[in-house]
Chemist: 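Sharing a structure here in structure tokens format.
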Amino acid sequence: MHRFYLPPEHCAGNPLRLDGREAHHALHVLRLKRGELVTVLDGVGNEFMCAVEDCGRNVVTLSVSLKNFVPAPPCSITLLQAVPKGKIIESIIQKSVELGVRRIVPVLSERVVTQLDDEDAENKRGKWRNVAIEAIKQCGAAWLPEVEAPLTIEQFLARKERFDLSLAGSLQKERRHPREVLREFETKHGRLPQSAGVWIGPEGDFTLEELKMIQNSGAQPVSLGRLVLRVETAAIYCLSILNYELQRD
């Protein structure tokens with residue numbers, strides 16, 4: 001069954017209408033016909049089971065037959081990902097969606113110099129958000145992660161956000177396995193964390209100064225195995241551990 005995305009404010013009535021990119025994909029790529037069944041996701045937990053009611057020139061009308069709500073994952077995970085060179089960030093966003101993150105914060109770091117003004121940053125955010133939308137359609141995730149505009153470590157830490165658990169992938173000697181940190185939290189609090197932040201550095205890792213800032217904010221350095229992983233592999237590795245340990249359903 002094909003999946004489409006509509007913002008929540010466009011999902012209030014019945015029938016639903018696909019236009020723009022979604023209609024183009026339905027009409028000219030999938031070539032949907034009247035009566036075919038599709039699913040619409042609104043990104044905030046709702047799934048709409050629909051049948052194609054009418055295909056116009058630039059609009060597809062969908063009749064809703066069933067609405068289903070999927071609860072959010074029990075732990076809200078934020079990925080704080082240092083922006084790597086090239087388009088690797090797009091693959092990281094895609095895989096992060098599949099692994100259940102609720103927010104992606106692209107971080108500008110010293111070892112990958114990227115100069116962005118406010119307009120460039122917002123354009124990047126829009127492009128990366130579209131990657132996340134395509135990812136939920138592909139994997140069927142009911143929740144669309146928030147994708148922020150890129151910002152520096154200092155800018156994020158200035159918000160003084162707090163997570164139940166904050167981890168930083170590290171190549172330094174002083175680090176522990178993520179499972180050990182999770183078990184320690186569960187023993188201390190008698191529950192699993194309800195929010196988690198995951199810091200993943202660029203090629204060559206965060207600088208010592210950056211890692212110190214991150215640790216001073218409460219993040220605990222964790223090992224990502226014996227080998228030196230590529231940036232995208234490191235993100236997937238750490239998120240996979242959290243997905244297995246925290247999303248127990």
Side-chain angles (χ1 to χ4, degrees), residues 43-45 47 68-82 92-107 109 132 135-136 139-148 153 156-202 205-206 208 210-249:
V44 291
E47 299 175 328
N68 180 47
F69 179 74
V70 179
C75 181
S76 177
I77 299 174
T78 295
L79 173 65
L80 298 124
Q81 173 66 58
I92 293 173
I93 292 171
Q94 179 188 60
K95 301 306 178 186
S96 299
V97 171
E98 295 176 19
L99 291 168
V101 300
R102 289 297 307 279
R103 181 171 55 149
I104 299 165
V105 181
V107 174
S109 59
I136 68 166
C139 71
W143 291 85
L144 175 66
E146 176 187 359
V147 181
E148 295 197 10
I153 295 173
F156 181 82
L157 294 181
R159 299 177 180 177
K160 300 187 182 300
E161 291 192 29
R162 288 291 179 263
F163 303 104
D164 278 356
L165 184 69
S166 185
L167 307 176
S170 175
L171 296 174
Q172 306 305 315
K173 291 183 179 179
E174 299 299 322
R175 55 185 182 164
R176 294 190 291 165
H177 193 283
R179 187 184 301 111
E180 181 183 346
V181 178
L182 287 167
R183 294 291 179 267
E184 181 179 84
F185 180 94
E186 190 171 9
T187 299
K188 180 178 179 180
H189 298 278
R191 62 174 176 84
L192 294 172
Q194 296 175 340
S195 64
V198 179
W199 293 84
I200 300 294
D205 203 1
F206 292 115
L208 290 177
E210 289 173 329
L211 192 58
K212 184 177 180 180
M213 282 193 296
I214 293 168
Q215 287 182 241
N216 286 343
S217 74
Q220 302 188 56
V222 293
S223 168
L224 302 181
R226 297 180 180 180
L227 304 179
V228 177
L229 305 179
R230 294 176 64 91
V231 175
E232 61 270 36
T233 310
I236 294 168
Y237 179 100
C238 199
L239 291 175
S240 296
I241 292 174
L242 291 179
N243 188 62
Y244 177 80
E245 295 288 342
L246 300 180
Q247 320 294 19
R248 296 179 182 177
D249 55 5

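Remember, predicted model here, so these are calculated numbers, not experimental data.
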Chemist: How far apart are the C-alpha atoms of Thr78 and Ser195, what are their side-chain angles, what is the distance that settles it, and do they pass the side-chain contact (heavy atoms from CB on, under 4.5 Å) test?
Modeler: CA-CA 8 Å; Thr78 295; Ser195 64; over 6 Å; no
Chemist: How many angstroms lie between CD in Glu245 and CG in Leu182, if you round to the nearest 0.5 Å?
Modeler: 6.0 Å
Chemist: Evaluate salt bridge (Lys or Arg N to Asp or Glu O under 4.0 Å) for Glu148 paired with Arg159, printing each intermediate quantity in order.
Modeler: CA-CA 14 Å; Glu148 295 197 10; Arg159 299 177 180 177; 2.7 Å; yes
Chemist: Say you draw a straight line from SG of Cys238 to CD1 of Ile200; how long is it, rounded to the nearest 0.5 Å?
Modeler: 5.0 Å
Chemist: Should Ile92 and Leu79 count as side-chain neighbours, where that means a heavy-atom distance under 4.5 Å?
Modeler: yes
Chemist: Using atom types as modelled and distance alone, determine if a side-chain donor or acceptor of Asn216 lies under 3.5 Å from a backbone N or O of Lys212.
Modeler: yes
Chemist: Counting C-beta onward and ignoring hydrogens, is there a side-chain heavy-atom pair between Val222 and His177 closer than 4.5 Å?
Modeler: no
Chemist: Heavy atoms only: give me the nearest Leu99-Ser240 pair and the separation to one decimal.
Modeler: CD1-OG, 3.7 Å
Chemist: Are any non-hydrogen side-chain atoms of Gln220 and Gln215 less than 4.5 angstrom apart?
Modeler: no
Chemist: Would you name the heavy atoms of Leu211 and Phe206 that are closest together and state the gap between them?
Modeler: N-CB, 4.1 Å
Chemist: Take a 6.0 Å sphere around CZ of Arg230 and say whether it holds more than 12 heavy atoms from other residues, nucleotides or ligands.
Modeler: no
Chemist: Could you please spell out the steps behind the side-chain contact (heavy atoms from CB on, under 4.5 Å) verdict for Val101 and Leu242?
Modeler: CA-CA 10 Å; Val101 300; Leu242 291 179; over 6 Å; no
Chemist: Check step by step if side-chain contact (heavy atoms from CB on, under 4.5 Å) holds for Glu186 and Arg183.
Modeler: CA-CA 5 Å; Glu186 190 171 9; Arg183 294 291 179 267; 4.3 Å; yes
Chemist: Sort and list the pairs that fulfil salt bridge (Lys or Arg N to Asp or Glu O under 4.0 Å) and have at least one residue in residues 188-202, not counting sequence neighbours.
Modeler: Asp164-Arg191
Chemist: Could you report the tightest heavy-atom contact between Gly100 and Pro73, atom names first, then the distance?
Modeler: O-CG, 4.3 Å
Chemist: Are Val228 and Asp205 packed together at the side-chain level, in the sense that at least one heavy-atom pair is separated by less than 4.5 angstrom?
Modeler: no
Chemist: Can you find a heavy atom in the side chain of Pro74 that is under 4.5 Å from one in the side chain of Gln194?
Modeler: no
Chemist: Take Arg175 and Glu180 through the test salt bridge (Lys or Arg N to Asp or Glu O under 4.0 Å) and record every step on the way to the result.
Modeler: CA-CA 10 Å; Arg175 55 185 182 164; Glu180 181 183 346; over 6 Å; no
Chemist: Rounded at 0.5 Å granularity, tell me how far CD in Glu98 sits from CG in Asn243.
Modeler: 11.0 Å
Chemist: Using only atom types and a distance under 3.5 Å, with no angle test, would you say the side chain of Thr233 pairs donor to acceptor with the backbone of Leu229?
Modeler: no
Chemist: For Ser96 and Leu239, which heavy atoms make the closest approach, and how far apart are they?
Modeler: OG-CD1, 3.5 Å
Chemist: side-chain contact (heavy atoms from CB on, under 4.5 Å), that's the test. Do Gln81 and Val107 meet it? Break it down for me.
Modeler: CA-CA 6 Å; Gln81 173 66 58; Val107 174; over 6 Å; no
Chemist: Please give me the minimum heavy-atom distance between Pro202 and Ala82, naming the atom from each residue.
Modeler: N-CB, 3.4 Å
Chemist: If the test is side chain to side chain contact (heavy atoms under 4.5 Å, CB included), which one of Val198, Leu192, Val181 qualifies with Leu165?
Modeler: Val181
Chemist: How long is the gap from CD on Glu161 to CG on Leu80, to the nearest 0.5 Å?
Modeler: 8.0 Å
Chemist: To the nearest 0.5 Å, what is the distance between CD (Gln94) and CD1 (Ile236)?
Modeler: 9.0 Å
Chemist: For Arg102 and Ser76, which I'm curious about, is there any donor-acceptor pair between the side chains at under 3.5 Å?
Modeler: no
Chemist: Considering non-hydrogen atoms only, spot the tightest contact between Leu246 and Cys75 and give its length.
Modeler: CD1-SG, 3.6 Å
Chemist: Which value, rounded to the nearest 0.5 Å, describes the distance between Arg179 atom CZ and Glu184 atom CD?
Modeler: 14.5 Å
Chemist: In this structure, is the centre-to-centre distance between the rings of Phe163 and Trp199 below 6.0 Å?
Modeler: no
